[in-house]
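Let me begin by presenting the structure, written as structure tokens, before commenting on it.
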Amino acid sequence: MCDTCGCGNPENQVRISKPGEEQAANHHNHDHTHDHDHRHPHTHDHDHDHSRQNGYQGQRLIRVETDILEKNKLLASRNSGYFDAKGILALNLMSSPGSGKTTLLEKTILALKDIRPVAVIEGDQQTMNDALRIESSGAPVVQVNTGSGCHLDAQMVMNATRKLEPADGSILFIENVGNLVCPSLFELGERFRIVIISVTEGEDKPLKYPTMFQHADLCIINKTDLLPYVDFNVRKVREYAFQVNPGLELMELSAKTGKGMEPWIQWLLDKKQIL
Amino acid sequence: MGYRMHEMSIALSIVDLADEQANLAHAGKIIEIELDIGTMSGVEVEALNFALEIAAMDTLLEAAVVKINRILEGREIQVKSILVE
């Protein structure tokens with residue numbers, strides 16, 4: 001299969017791989033590729049013809065009242081239990097594509113070197129590009145390619161974690177697929193959710209994507225080195241964020257220059273401490 | 001493709017769930033399915049309808065009427081009930 005554009009993969013399955021591995025399709029049980037002809041043959045208690053003879057009969061209303069996202073929530077809880085038991089601080093990093101998530105991660109990994117073990121799960125539709133960058137920074141990493149999927153889910157994280165085998169006591173960064181909508185609906189088993197926006201985006205992001213900001217614990221405003229060149233008002237962003245989620249913590253930094261990185265690293269270490 | 005992949009994966013989950021419930025009830029066919037979809041759920045109803053048509057093919061849900069209740073400010077994607085025979 002072509003690493004660049006994913007061609008040659010007719011089923012468009014989810015693939016999970018380590019850098020350097022042949023990208024084999026994983027035949028794990030997953031909703032997206034679920035086989036619908038699995039229903040077992042019915043064994044009827046009664047004879048249908050009999051009921052027809054009696055005229056109109058047999059319509060029944062079945063109350064289901066089950067949320068589709070329940071299954072994902074259950075798997076996410078399971079992941080969460082696993083992480084707790086191993087003393088792993090799992091973080092879900094979400095943003096639009098281009099916010100600088102991967103660069104921030106590269107710099108964070110370097111800063112945490114020799115202080116805390118770190119592991120990364122990378123999520124993208126296609127390519128190993130981000131995983132290769134993370135590997136160069138020195139952290140163990142696994143790449144999840146979702147194919148046409150627009151978000152990571154708990155099943156993918158479970159499979160990726162099995163492959164990655166993060167050390168006890170590590171900080172596990174899960175870099176979600178670039179998307180401000182869908183990821184907020186799928187719990188992964190993370191302890192904290194971090195949304196990253198950059199100063200090259202609109203100030204009204206919190207208002208436009210309220211679900212994402214309501215579910216986040218921390219918002220990082222990245223690329224502050226570009227503030228002199230854009231009309232981005234940080235105070236406005238904070239106001240809008242407050243409207244949508246008064247409890248949301250905000251931080252400003254530049255992953256590129258390193259300005260503002262210390263409070264972020266400290267935040268990580270503090271959160272790890274109280275695990 | 002007329003549907004978004006997000007709605008397709010939701011539709012597949014709905015079909016699975018409905019199918020499972022219908023089988024538990026030893027039903028031969030689903031006549032109607034009622035869904036509660038929150039306006040904040042991230043699901044676009046038109047796209048979901050389209051995806052459901054496709055996902056339901058060759059399942060007990062194939063000919064079912066789909067009734068969707070839009071729940072204001074809600075985030076749920078719930079299969080409320082199925083009418084079977």
Side-chain angles (χ1 to χ4, degrees), chain A residues 12 14 29-49 51-52 56-73 125 146-151 153 155-156 177 179-187 209-212 214-215 244, chain B residues 1 3-44 48 52 54-62 64 67 71 73-85:
Chain A
N12 228 13
V14 174
N29 183 24
H30 190 271
D31 281 354
H32 293 283
T33 58
H34 194 83
D35 173 15
H36 286 281
D37 289 329
H38 71 285
R39 63 182 187 272
H40 51 273
H42 301 309
T43 50
H44 295 291
D45 295 328
H46 56 274
D47 176 5
H48 275 306
D49 287 339
S51 65
R52 295 251 154 211
Y56 182 84
Q57 193 233 337
Q59 277 198 1
R60 290 166 287 152
L61 182 71
I62 298 167
R63 290 200 190 291
V64 179
E65 280 162 16
T66 303
D67 196 287
I68 290 305
L69 296 176
E70 266 322 298
K71 183 177 176 186
N72 186 73
K73 278 191 187 145
Q125 281 193 303
T146 62
S148 44
C150 54
H151 58 269
D153 63 27
Q155 178 77 66
M156 292 173 193
V177 177
N179 180 340
L180 277 181
V181 179
C182 311
S184 61
L185 304 165
F186 292 87
E187 290 164 51
Y209 299 92
T211 314
M212 173 62 72
Q214 276 162 6
H215 288 154
V244 154
Chain B
M1 290 187 173
Y3 52 83
R4 290 158 49 201
M5 281 315 295
H6 181 65
E7 277 73 7
M8 189 44 132
S9 81
I10 304 273
L12 289 169
S13 298
I14 289 172
V15 169
D16 274 358
L17 182 57
D19 204 66
E20 190 186 294
Q21 290 290 315
N23 281 329
L24 283 173
H26 302 294
K29 172 170 127 163
I30 301 174
I31 297 163
E32 188 183 282
I33 180 170
E34 190 180 348
L35 306 171
D36 274 358
I37 309 283
T39 57
M40 302 268 281
S41 66
V43 174
E44 199 192 283
L48 181 62
L52 274 171
I54 296 167
M57 283 190 219
D58 297 324
T59 71
L60 295 182
L61 203 56
E62 199 167 23
K67 180 170 178 243
I71 311 294
E73 312 254 322
R75 272 180 228 118
E76 63 263 71
I77 304 171
Q78 212 191 74
V79 176
K80 203 95 177 98
S81 64
I82 52 174
L83 184 65
V84 304
E85 77 177 355

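Numbered from 1 within each chain, the chains take letters A, B, ... in sequence-line order.
Nearest heavy-atom pair across Ile82(B) and Ala22(B) is CD1-N, 3.8 Å. Summarising the geometry of Thr39(B) relative to Glu73(B), their closest heavy-atom pair is OG1-N, 2.8 Å, with the distance given to 0.1 Å. The minimum heavy-atom distance between Ser41(B) and Ile37(B), with the atom names listed, is OG-CG2, 3.6 Å.
Residue contact with chain A, scored on non-hydrogen atoms closer than 4.5 Å, involves the side chain of Leu17(B) exclusively. Using a 4.5 Å cut-off between heavy atoms, Phe186(A) contacts chain B through its side chain alone, with no backbone atom that close.
Annotation: maximal heavy-atom pairing with chain B below 4.5 Å, among Leu61(A), Val64(A), Leu185(A), occurs at Val64(A).
A salt bridge links Lys80(B) with Glu65(A): at least one charged nitrogen is closer than 4.0 Å to a carboxylate oxygen.
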